[in-house]
Amino acid sequence: MRPITSEAYKLFHDGSIALAQVEANGIRIDTDYLEQAISDTSIKINEIADGIKKYKIFKVWRKRYGSKINLDSREQLANVLFEDMKYTCYAHTKTGRPQADEVNLKSTGLEFVDKYLRLQKLKKARSTYLRNILQETVDGFLHPNFPLNLVSSYRGSSDHLSFQNIPIRDPEICELVRRAFISRVGSHLVEIDFKGAEICCATCYHKDPRMVKYIENPKLDMHRDMAAEIYKLKKRQVSHNTRYVGKNRFVFPEFYGDWWWSRATDLWRAIEELDLKIEGTDIDLYSHLESMGIYELGSCGTDEEPEDGTFQKHVREIEYDFWNKRFKIYNQWKKDWWEAYQEDGFFKMLTGFIVAGKLNRKQAINIPIQGSAFHWLLWCLIRIQKLMKKYKMRSMIVGQIHDSILADIHMGELKEYLKIVKQVIYEDLPKHWKWIIVPLTVEAEVAPVGGSWFEKEEIKI
DNA sequence: CACTGGAGCCAC
DNA sequence: AAACGTGGCTCCAGTG
């Protein structure tokens with residue numbers, strides 16, 4: 001039995017009941033589309049597989065492995081590329097094998113590898129998503145589980161199938177998979193999500209005034225600011241893509257505990273990978289950085305000093321400022337929180353959950369933030385569902401993804417649904433938890449009536 | 001043959 | 001001091 005307060009118990013008790021209803025509702029699946037998509041994808045997979053068999057690399061592969069050749073074995077491919085064909089291997093796994101992930105394979109610069117990786121992506125889409133969705137669908141409805149008892153952070157999870165990792169970033173795979181999720185007759189899919197839930201939630205813990213300002217003032221943009229610093233740009237020179245890199249390849253990794261050496265390598269590679277340019281120009285960011293006095297990534301080891309004029313040195317300075325100037329109150333909170341946990345052997349989240357047991361520093365700092373952010377969502381889900389029932393609406397909630405809710409909304413009920421959502425998130429939630437010290441923002445995306453999840457588009461609410 | 005850990009990749 | 005947090009699923013390769 002894990003220690004728990006009555007407040008926390010109640011949330012998960014009510015949450016389990018609410019999520020059981022969500023599971024029972026289920027989400028409608030276009031099985032005809034799915035069958036067609038599986039068959040089309042299989043044809044593509046076969047074509048690509050035939051294509052790569054014409055390459056010399058495949059012949060070397062077959063020579064080495066003979067009848068044991070297996071296109072799904074990345075270990076075999078890595079051996080072929082890095083041993084037989086002598087391409088430089090830049091990384092190894094912790095068990096000493098050549099790393100066979102996307103980044104390391106791509107470092108060979110081979111066309112064969114590009115085709116191979118696309119083949120693998122399509123195979124993953126087919127097995128983990130398309131086939132799995134079809135297999136789990138009963139009478140046209142999919143009923144993913146949303147258990148609350150499996151996660152150390154008191155976040156939620158989802159399995160059979162996992163509804164919380166449906167592809168969205170790769171445009172091709174996103175469309176392929178999400179077209180399978182459709183609304184009921186006369187309805188449309190509506191997804192609402194908290195904007196920057198974890199950052200807002202973290203701020204309720206550390207109360208860093210600099211972060212409060214970022215959240216309160218919609219003209220300020222932390223991700224853009226960091227992207228500008230990293231690539232030595234003016235704010236208006238930060239493109240959409242460059243901001244995205246600032247967010248997902250610096251800010252979030254830093255919050256989760258990453259460090260400058262690893263960030264520098266990744267941020268340097270991102271320029272090439274995403275073809276980053278100065279906004280509105282054709283100047284790539286390598287050339288730009290060069291004009292600003294940064295000529296190379298640098299090659300210092302993890303325990304060495306980075307050299308002047310290298311990107312490594314630059315990123316180390318940015319990291320230092322990030323934690324010691326920009327967000328020094330946040331940084332101090334991390335230290336204090338970790339010390340208190342070491343002293344007490346447990347901590348209590350703002351939502352009432354008590355976490356005890358052996359945690360490392362990053363876990364102790366991240367768990368309360370991730371957990372509480374999910375508790376916001378869960379509390380709102382329970383209340384929204386309750387109100388929908390009270391008003392005898394035909395619409396229903398069909399899924400949950402950590403900080404978002406997917407609902408199947410009857411065509412005449414969108415306004416009413418959004419009114420409930422706003423009431424709950426903007427008014428009821430901050431009233432329930434007085435420690436919420438930042439304004440919360442909710443965003444909504446709506447698919448056309450009869451349309452699929454893929455077709456969702458943001459609307460103003 | 002069943003099982004398991006490692007590796008990889010999908011999401012937030 | 002250490003070096004990205006929380007999950008789930010699939011496949012391989014090795015074990016008994």
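Treat the numbers as computed from the prediction; the structure is a model and nothing was measured. First the proteins, then the strands, lettered A, B, ... as listed; each starts at 1.
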Steps toward salt bridge (Lys or Arg N to Asp or Glu O under 4.0 Å) verdict (A/K348, A/E7): CA-CA 12 Å; A/K348 188 174 164 190; A/E7 177 192 19; 5.8 Å; no
Measure from [atom1] on [X] to [atom2] on [N] and round the result to the nearest Å.
{"X": "A/N366", "N": "C/dA3", "atom1": "CG", "atom2": "P", "result": "14 Å"}
{"X": "A/D72", "N": "C/dC9", "atom1": "CG", "atom2": "C1'", "result": "14 Å"}
{"X": "A/I365", "N": "C/dC4", "atom1": "CD1", "atom2": "P", "result": "14 Å"}
{"X": "A/D403", "N": "C/dT6", "atom1": "CG", "atom2": "P", "result": "17 Å"}
{"X": "A/F454", "N": "B/dA11", "atom1": "CZ", "atom2": "P", "result": "14 Å"}

5'-most by nearest nucleotide on DNA chain C - A/H402 or A/K362: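 In this pair, the answer is A/K362.
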Measuring from the side chain of [X] (C-beta onward, heavy atoms only), which nucleotide among [options] has the closest atom?
{"X": "A/R97", "options": "C/dG8, B/dA7, C/dC9", "result": "B/dA7"}
{"X": "A/S152", "options": "C/dG7, B/dC10, C/dA1", "result": "C/dG7"}
{"X": "A/S127", "options": "B/dC9, C/dC11, C/dC4", "result": "C/dC11"}

Touch class at under 4.0 angstrom, heavy-atom based, for A/R263 against every strand present: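 Here A/R263 touches the bases of the nucleic acid.
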Sugar-phosphate, base or nothing in reach of A/Q120, heavy atoms under 4.0 Å: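 The residue A/Q120 makes no contact with any strand.
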Phosphate OP1/OP2 of C/dA2: any A/N360 side-chain N/O under 4.0 Å: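 Answer is no, no contact under 4.0 Å.
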Polar side-chain atom of A/T93 near backbone of A/R97 as donor-acceptor pair, under 3.5 Å: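 Indeed, once roles are kept as given, a pair shorter than 3.5 Å links the two residues.
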Ion pair check, A/R178 and A/E455, cut-off under 4.0 Å: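 Salt bridge flag = no for A/E455 with A/R178.
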Ring centers of A/H223, A/Y244 separated by less than 6.0 Å: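 Judged by ring-centre distance (under 6.0 Å), A/H223 and A/Y244 do not meet the cut-off.
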Any donor-acceptor N/O pair under 3.5 Å between C/dG5 base and A/Q363 side chain: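 Such a pair does not exist between side chain and base.
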